[in-house]
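Everything on this sheet refers to the single structure shown next.
Here, residue 1 is the first one in the sequence, and each next residue gets the next number.
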Amino acid sequence: KVGWYNAVLQPAFHLPYSDDTLAFVVLSTPSMFDKALKPFVNKERLKIIRDPVDQCISHHLSRVKEKFPDQRVDVMFDYEMLPSRKPKFLAQTAAHVAGAAYYYQRKDVKLDPWGKKKIFGVCIHPKYGGWFAIRGLLLFPDIQVPFLEQPAPVDCVDTEEKRIELLEQFNFHWQDGRYRDIIEVKERYSEEQKAYFATPPAERFRLLGLSQEAQ
């Protein structure tokens, strides 16, 4: 429910819907790369592709909207900004309140070792660890669900030591991706997918077999 999200944030970040409005947080799992992105790129090869992942997600979520012709469905993407340069929604907070993934933050560590350093939080999924992404929010403004019960996210990094290790790795060594394996995972990105996301955006077209000219 939108109210779960608004309840934990300052008014500046509130979503402009009533508290009982139904919303879905959309995650991509490791298999998204092979099952959605590569087929999308092959199909759209002759069209202008600016950002393959963003356009692939947009394509699939617009198809979801088409399944509900009689409903108003609002879509927000994780990369969208308001004119104020604030994100349209805080993806990790949304995932946490929906019970999709646990958002580990500095406040989850009792004996904080970081002093004045800025420490960013990170979501961990009980099945995929850090090998997933939060892609968007689907809102159904005309559907009110006052009796929906809030599921708690699975606290899968449940010791102080592990939480410190997670936040250290994410904040200071994120490039090596070790934070993603803070728990034992059922599935992770393929080597091809790791290479794709490790490549600067401008050079990713080559990996997908797209020339810069076509793009």
Side-chain angles (χ1 to χ4, degrees), residues 1-6 9 13-101 103 123 125 127-128 131-145 148 151 187 189-190 192-193 196-197 199 201-202 204-215:
K1 296 201 291 187
V2 166
W4 304 340
Y5 175 89
N6 287 347
L9 291 169
F13 289 103
H14 285 187
L15 295 172
Y17 300 86
S18 66
D19 280 355
D20 288 333
T21 302
L22 179 65
F24 290 87
V25 180
V26 180
L27 309 182
S28 65
T29 67
S31 60
M32 180 276 286
F33 192 78
D34 285 319
K35 288 184 179 173
L37 181 64
K38 284 166 41 174
F40 171 78
V41 167
N42 281 332
K43 190 159 152 279
E44 306 294 312
R45 189 171 289 278
L46 298 177
K47 296 184 188 167
I48 293 174
I49 290 186
R50 296 175 302 282
D51 184 299
V53 173
D54 288 351
Q55 283 176 260
C56 172
I57 304 293
S58 174
H59 166 75
H60 284 287
L61 293 191
S62 61
R63 286 185 66 193
V64 172
K65 275 184 80 161
E66 287 163 15
K67 299 281 185 195
F68 298 94
D70 303 327
Q71 289 290 348
R72 181 179 152 202
V73 185
D74 293 348
V75 182
M76 293 182 188
F77 297 99
D78 65 304
Y79 53 82
E80 285 187 293
M81 296 284 183
L82 296 166
S84 63
R85 303 304 298 155
K86 281 195 185 88
K88 272 199 172 177
F89 78 104
L90 300 179
Q92 301 204 102
T93 300
H96 185 93
V97 299
Y103 184 24
C123 271
H125 189 280
K127 182 174 175 186
Y128 304 114
W131 301 102
F132 78 103
I134 305 155
R135 299 296 184 183
L137 203 55
L138 290 172
L139 296 125
F140 289 77
D142 301 329
I143 300 180
Q144 302 296 301
V145 284
L148 194 64
E187 197 182 331
Y189 292 176
S190 64
E192 183 186 17
Q193 187 171 181
Y196 178 82
F197 286 116
T199 300
R204 289 176 180 174
F205 294 97
R206 190 173 42 77
L207 293 182
L208 291 172
L210 297 171
S211 68
Q212 286 295 95
E213 293 75 42
Q215 174 273 118

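Between atom CG of residue Asp19 and atom NE2 of residue His14 there is a gap of 8.5 Å, rounded to the nearest 0.5 Å. Put simply, NE2 on His59 and CG on Leu37 are 11.5 Å apart, with the number rounded to the nearest 0.5 Å. Interatomic distance, Lys43 NZ to Cys56 SG, rounded to the nearest 0.5 Å: 10.0 Å. In this structure, Met32 CE and His60 NE2 are separated by 9.0 Å, a value rounded to the nearest 0.5 Å. Rounded to the nearest 0.5 Å, atoms CG (Asp54) and OH (Tyr79) are 4.5 Å apart. In this structure, the separation between NZ on Lys35 and OG on Ser28 is 12.5 Å, given to the nearest 0.5 Å.
In summary, of the residues considered (Asp20, Val145, Leu137, Leu139), a side chain to side chain contact (heavy atoms under 4.5 Å, CB included) with Val2 occurs for Leu139 alone.
Judged as a ring-ring contact (aromatic ring centres under 6.0 Å, His included), and not counting sequence neighbours, the contacts of His125 are Tyr128, Phe132. Evaluation of the ring-ring contact (aromatic ring centres under 6.0 Å, His included) rule for Phe197 yields Tyr189 as partners, not counting sequence neighbours.
Residues Val25 and Ala94 share a closest heavy-atom pair of CG2-O, 3.5 Å. Nearest heavy-atom pair across Arg135 and Val53 is NH1-CG1, 3.5 Å. Contact detail for Lys38 and Glu192: the closest heavy-atom pair is NZ-OE1, 2.8 Å. Taking each heavy atom of Ala98 and Pro151 in turn, the nearest pair found is O-CG, 3.4 Å. The minimum heavy-atom distance linking Tyr5 with Leu90 is given by the pair OH-N, 2.7 Å.
Gln92 contributes a side-chain N or O that, together with a main-chain N or O of Cys123, makes up a donor-acceptor pair within less than 3.5 Å. Without hydrogens or angle criteria, Gln71 side chain to Asp142 main chain gives no donor-acceptor distance under 3.5 Å. Arg204 places a side-chain N or O within 3.5 Å of a backbone atom of Tyr196 that can act as its donor or acceptor partner.
In this structure, a donor-acceptor pair under 3.5 Å is absent between the side chains of Glu187 and Thr29. Side chains of Tyr17 and Asp74: a donor-acceptor N/O pair is present below 3.5 angstrom, by distance only.
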Verdict with reasoning, Val64 to Phe24, per side-chain contact (heavy atoms from CB on, under 4.5 Å): CA-CA 12 Å; Val64 172; Phe24 290 87; over 6 Å; no
Evaluation steps, side-chain contact (heavy atoms from CB on, under 4.5 Å), between Gln144 and Thr21: CA-CA 5 Å; Gln144 302 296 301; Thr21 302; 3.3 Å; yes
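Taking the six-membered ring where the residue is Trp, Phe68 and Phe140 present perpendicular rings, their angle passing 60° and hence far from 30°.
Heavy-atom contacts from other residues, nucleotides or ligands closer than 6.0 Å to NZ of Lys127 number 12 or fewer.
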